[in-house]
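Written out below as structure tokens is the structure these notes cover.
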Amino acid sequence: MGSGAGLRGWAERRPVLFPLLLLSLLCPALSEPIRYTISEEMPEGSVVGNLAKDLGLSVRELPTRKLRVGSEKPYFTVSAERGELLVSSRLDREQMCGKRPVCALEFEAVAENPLNFYHVSVEIEDVNDHTPKFPQSSFELQISESTLPGTRFILEVAEDVDIGLNSLQNYKLSLSPSFSLINKEKKDGSKYPELKLEKPLDREQQSYHRLVLTALDGGDPPLSGTTELRIQVTDANDNPPVFNQDIYRVSLPENVPPGTSVLQVSATDLDEGANSEITYSFYRSGQVFHLNSKSGEITTLRTLDFEEIKEYSIVVEGRDGGGLAAQCTVEINIQDENDNIPEITFHSLVEMILENAVPGMLIALIKIHDQDSGENGEVNCRLEDEVPFQIISLSKSSYKLVTARALDREQIPEYNVTITATDKGKPPLSSSTTITVHIGDVNDNAPVFQQSAYLVHVPENNPPGASIAQVSASDPDLGPNGQVSYSIVASDLEPQALSSYVSVNAQSGVVFAQRAFDHEQLRAFQLTLQARDQGSPALSANVSLRVLVTDRNDNPPRVLYPVLGPDGSALFDTVPRAAQPGYLVTKVVAVDADSGHNAWLSYHVLQASEPGLFSLGLRTGEVRTARALGERDAVRQRLLVAVRDGGQPPLSATATLLLVFADSPQEVLPDLSDRLTPSDPQAELQFYLVVALALISVLFLLAVILAVALRLRRSSSPTTWSCFEPGICTKTGPVVPPIYSEGTLPYSYNLCVAQAGKTEFNFLKCKEQLSSGQDILCGDSSGALFPLCNSNESTSHPETLTQAPPNTDWRFSQAQRPGTSGSQNGDETGTWPNNQFDTEMLQAMILASASEAADGSSTLGGGAGTMGLSARYGPQFTLQHVPDYRQNVYIPGSNATLTNAAGKRDGKAPAGGNGNKKKSGKKEKK
């Protein structure tokens with residue numbers, strides 16, 4: 001039926017964009033596409049053109065730019081080595097474009113790094129690859145023998161899907177003396193044949209004619225198709241049907257429902273009877289329209305679609321009862337309706353972008369296609385809602401979605417972007433597509449503490465390892481960018497000691513105390529804590545944490561005055577007998593290491609020998625006389641004072657004040673022998689133990705003395721033996737009774753000074769046992785406290801003892817008289833030590849000198865009249881203040897024992913005041 005023709009395998013690139021190729025290096029996309037022209041049916045792998053070269057890309061850039069074709073149907077591909085545009089599938093122009101005069105495939109070429117896209121248009125040229133085809137291999141035509149020459153009959157047309165010169169061009173009819181062929185052309189340019197009767201027919205001569213109708217295209221070489229025309233000569237029918245119009249034209253909107261009337265054809269026949277009855281039919285059967293054979297009305301069988309077929313050409317035949325027929329053409333033009341919504345497709349869609357993306361960053365390429373034509377196919381694209389993106393038009397059907405402003409993931413982590421495409425039809429149709437754009441996180445937020453500064457109060461004596469505070473910082477970033485760790489970066493503590501005070505948990509921010517805090521040592525300290533995220537680079541924030549160590553009542557009051565002596569003995573104060581009410585006797589001074597209410601001290605009298613005789617200031621601690629001393633009041637008074645703080649529960653300390661009413665210190669010494677030890681069960685038990693120990697010690701001493709005496713008798717030295725003459729130690733007057741409550745035993749020494757200056761100490765046994773009521777005071781007229789015994793000058797009563805007046809040059813300045821109240825009322829011109837310091841100095845002088853005499857380490861001749869004292873205590877301490885003790889000295893025990901024994905007899909604690917002070921061996925009992 002036809003002959004084949006060779007395919008044109010060439011590609012032609014049109015040069016219309018040569019001046020624009022340089023712009024491809026500067027612009028993301030070209031405003032005009034790059035155009036190529038190729039023939040259809042090119043084999044796969046055929047080169048269309050060098051796309052990379054036309055885009056200005058070098059071969060070295062191809063691996064990184066990744067040039068590719070972004071098309072829905074893979075007709076083409078790009079060579080990765082050379083950047084050539086290649087045919088990747090069969091190109092059938094008739095299948096892709098149908099009868100359209102211009103068949104062009106448009107697509108996007110995409111290049112990455114940076115992301116650019118380019119419009120490419122490939123026009124497919126037709127080749128003569130289809131032969132004309134008749135719908136039937138043969139068809140019949142009935143012609144009456146009475147038909148006049150010159151009558152024309154429309155014949156069946158052939159179809160050729162090629163276009164242009166390759167389409168159907170003319171028809172040819174095999175040679176026949178009775179018929180000829182006339183080629184006719186419609187308004188749309190299509191050809192159709194008409195059979196012309198050249199001479200009358202005679203049915204009786206030839207009733208059947210067979211002719212061959214050939215259809216030819218204009219290809220080179222031309223292709224053809226044939227059909228057999230069978231003409232039957234019928235009996236005479238004078239008048240054939242005649243249509244009102246040769247061509248009927250009508251316009252019909254698409255999408256009309258099935259059964260819609262299109263038009264009605266009409267034909268008339270001048271014959272009568274059966275020869276005038278006309279029957280209508282389609283010359284070629286179809287499945288789109290229906291023709292009523294009686295009325296000639298044409299209706300639709302199904303819905304019409306302008307996008308499928310825009311125009312229908314139908315041949316309607318009217319045949320009368322005699323067999324004569326007439327034909328007319330019905331041309332139906334389908335009008336486009338806005339019945340197709342725009343279609344949205346995405347290319348190179350980026351699902352996630354970083355929040356620091358600059359405005360104008362490409363997110364997606366958008367292609368919009370509307371199958372309608374005219375204004376119904378013109379589309380506008382827009383974004384719904386308020387989003388930080390915008391759509392930029394690239395061509396009438398291409399757009400790109402880019403960022404319009406800065407993004408912040410912490411405010412909005414993702415966007416649902418709705419893109420709406422609306423055509424210009426009436427009414428307009430639109431379609432919407434929603435994509436989700438996720439915003440990627442970058443480390444653009446530093447940690448933020450919940451408070452600008454932290455202040456915590458931590459009670460002292462907290463357990464080590466306890467949590468004292470917690471700081472918290474938040475970071476709105478994601479992942480490692482939002483993971484916060486805590487550390488201590490600065491402090492007002494020593495760097496070496498910081499780790500021993502506090503630590504912080506890196507994950508939770510809990511601050512732990514590494515040790516127990518002491519408010520008295522550390523009142524407050526400040527830390528600088530840092531919160532740092534794990535981003536790169538890491539961001540951080542600092543906050544100050546001030547820790548205030550609050551006070552607890554953990555320190556009892558401490559009494560500063562009165563104080564105990566160096567050996568632990570208490571002191572006492574003297575009060576003038578004529579003291580008036582309100583006289584400041586002394587002041588109890590105490591401090592509390594705590595703070596605030598815990599250090600608010602109050603003073604209370606727990607026990608007093610004479611209640612009401614003294615008053616105590618509640619807050620000042622001043623002891624004053626409440627009334628004058630009465631005749632019945634005891635000379636010796638004892639006050640037990642409690643010092644309490646204001647804590648809860650309160651802590652306290654006690655102080656014992658020993659007060660003696662006397663006008664001068666000389667009056668105090670005789671009273672020492674009259675002091676009674678308070679009845680204390682514990683003291684009584686100690687007394688009995690001391691007595692037992694004393695008895696054992698006496699027996700031991702007697703044995704030692706006896707052994708020494710026997711040894712001395714054997715000695716031939718008369719000087720040594722003369723020390724033990726019977727008359728040296730005799731019974732004297734009243735002496736100070738020894739009290740052995742602390743286990744101190746009496747030791748008697750005989751001090752002999754030979755002419756050669758050699759001093760000897762020998763144990764001496766007295767002639768008579770001393771009673772407890774006797775005082776050890778010799779009858780020396782000097783009135784010394786501890787005079788040496790003299791058998792010739794002895795008295796029997798202490799009242800006869802006289803005291804030599806002290807040197808009037810002996811003075812103490814006001815600064816040398818310590819004490820709270822004593823320094824205020826002291827007499828600077830007094831001749832006797834007038835305060836505690838003076839008395840203690842005198843006691844220390846006497847005891848030290850006695851100790852030197854006891855161990856024989858001193859010559860007792862430190863200077864004339866000083867007995868070796870001026871070198872240690874100064875020239876003001878001379879023998880006029882201390883009696884001569886270079887004969888027999890009785891020392892009850894050691895130095896400390898003498899002091900302690902004397903204090904035991906006093907039974908009172910030290911106190912401060914204006915009065916003169918003497919030592920008391922009685923230790924303070926609380």
Side-chain angles (χ1 to χ4, degrees), residues 1-16 33-43 46-49 73 75-76 85 87 89-107 120-135 154-173 181-194 213-227 247 284 306-315 329 331-334 336 373-374:
M1 294 183 61
S3 61
L7 298 178
R8 231 173 0 170
W10 57 274
E12 176 186 356
R13 180 178 153 275
R14 295 185 178 180
V16 294
I34 298 177
R35 300 184 184 276
Y36 296 98
T37 301
I38 62 174
S39 300
E40 65 172 332
E41 301 295 346
M42 291 183 65
S46 300
V47 177
V48 178
K73 297 180 180 180
Y75 291 118
F76 304 98
L85 185 63
V87 177
S89 63
R90 180 174 178 263
L91 299 177
D92 189 350
R93 183 191 182 284
E94 289 73 28
Q95 183 180 359
M96 293 185 296
C97 301
K99 287 288 187 177
R100 284 185 293 180
V102 177
C103 182
L105 298 180
E106 295 183 356
F107 56 88
V120 179
S121 177
V122 179
E123 183 178 346
I124 309 299
E125 291 187 340
D126 183 51
V127 295
N128 193 19
D129 57 344
H130 294 88
T131 61
K133 292 182 181 180
F134 287 95
I154 299 176
L155 300 180
E156 183 75 20
V157 296
E159 291 287 342
D160 192 341
V161 296
D162 292 328
I163 63 170
L165 294 176
N166 296 326
S167 63
L168 181 64
Q169 297 296 323
N170 55 32
Y171 295 90
K172 290 183 179 180
L173 186 66
L181 187 67
I182 300 175
N183 288 294
K184 302 286 287 185
E185 185 176 355
K186 298 181 181 180
K187 290 184 177 181
D188 60 355
S190 60
K191 308 290 191 304
Y192 66 93
E194 285 187 354
L213 180 62
T214 302
L216 299 172
D217 60 21
D220 184 16
L223 301 180
S224 63
T226 60
T227 185
I247 300 176
R284 188 189 308 171
F306 172 83
E307 287 70 37
E308 292 181 1
I309 300 176
K310 297 178 176 58
E311 186 179 41
Y312 293 90
S313 181
I314 305 172
V315 177
T329 302
E331 295 181 355
I332 304 174
N333 183 29
I334 306 301
D336 182 42
S373 61

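FYI, the numbering just counts along the sequence from 1. Please read all numbers here as calculations on a predicted model, not as lab measurements. Heavy atoms only: backbone and side chains are in, while hydrogens, waters and symmetry mates are out.
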Under the criterion side-chain contact (heavy atoms from CB on, under 4.5 Å), I'd like the reasoning laid out for D92 against H130: C-alpha separation, chi angles, the key distance, then a yes or no. CA-CA 11 Å; D92 189 350; H130 294 88; 4.1 Å; yes
Contact summary for F134 and G225, nearest pair of heavy atoms: CE1-O, 3.2 Å
With heavy-atom distances below 4.5 Å as the criterion, would you say the side chains of V47 and L85 are in contact? no
Where do F76 and I38 come nearest, in terms of heavy atoms and distance? CE2-CD1, 4.0 Å
The reported gap from OG in S167 to CD in E159 (rounded to nearest 0.5 angstrom) is 11.0 Å
Find the distance between OH (Y75) and CG (L105) and round it off to the nearest 0.5 Å. 6.5 Å
Between the side chains of D217 and N128, is a donor N or O closer than 3.5 angstrom to an acceptor N or O? yes
If we ignore angles and hydrogens, is there a donor and acceptor under 3.5 Å between the side chains of D126 and N166? yes
How close do L168 and K191 get, counting heavy atoms only, and between which atoms? O-CG, 4.0 Å
pair V87-V48: side-chain heavy atoms closer than 4.5 Å: yes
Using a 3.5 Å distance criterion without hydrogens, assess whether the side chain of D336 forms a donor-acceptor pair with backbone atoms of S373. yes
Kindly check if the number of other-residue, nucleotide or ligand heavy atoms within 6.0 Å of NZ (K310) is above 12? yes
Nearest 0.5 Å, please: how far is OH in Y192 from CG in L155? 11.0 Å
Value for CD1 (I163) from SG (C103), rounded to nearest 0.5 Å, stands at 8.0 Å
Given 3.5 Å as the limit, does a donor-acceptor pair link the side chain of Q169 with the main chain of G164, or not? yes
Hey, does the side chain of N183 reach the backbone of Y171 with a donor-acceptor pair shorter than 3.5 angstrom? yes
Donor-acceptor contact below 3.5 Å, side chain N333 vs main chain E311: no
Out of curiosity, D160 CG to E94 CD, how far, rounded to the nearest 0.5 Å? 8.5 Å
I124 and R93: which non-hydrogen atoms are nearest, and at how many Å? O-NE, 3.5 Å
Looking only at heavy atoms, which two atoms of L216 and T214 are closest? And how far apart? CD2-CG2, 3.8 Å
CG of L91 to CE of M42: how many Å apart, nearest 0.5 Å? 8.0 Å
Shortest non-hydrogen pair, S121 vs A104, comes out as OG-CB, 3.9 Å
Side-chain ion pair, E123 and R35, N-O less than 4.0 Å: no
With distance as the sole test, does E40 use its side chain to make a donor-acceptor pair with the main-chain N or O of V127 at under 3.5 Å? yes
Does CD in E185 sit with more than 12 non-hydrogen atoms of other residues, nucleotides or ligands closer than 6.0 Å? yes
Check: K172 and T226 side chains under 4.5 Å, non-hydrogen atoms: no
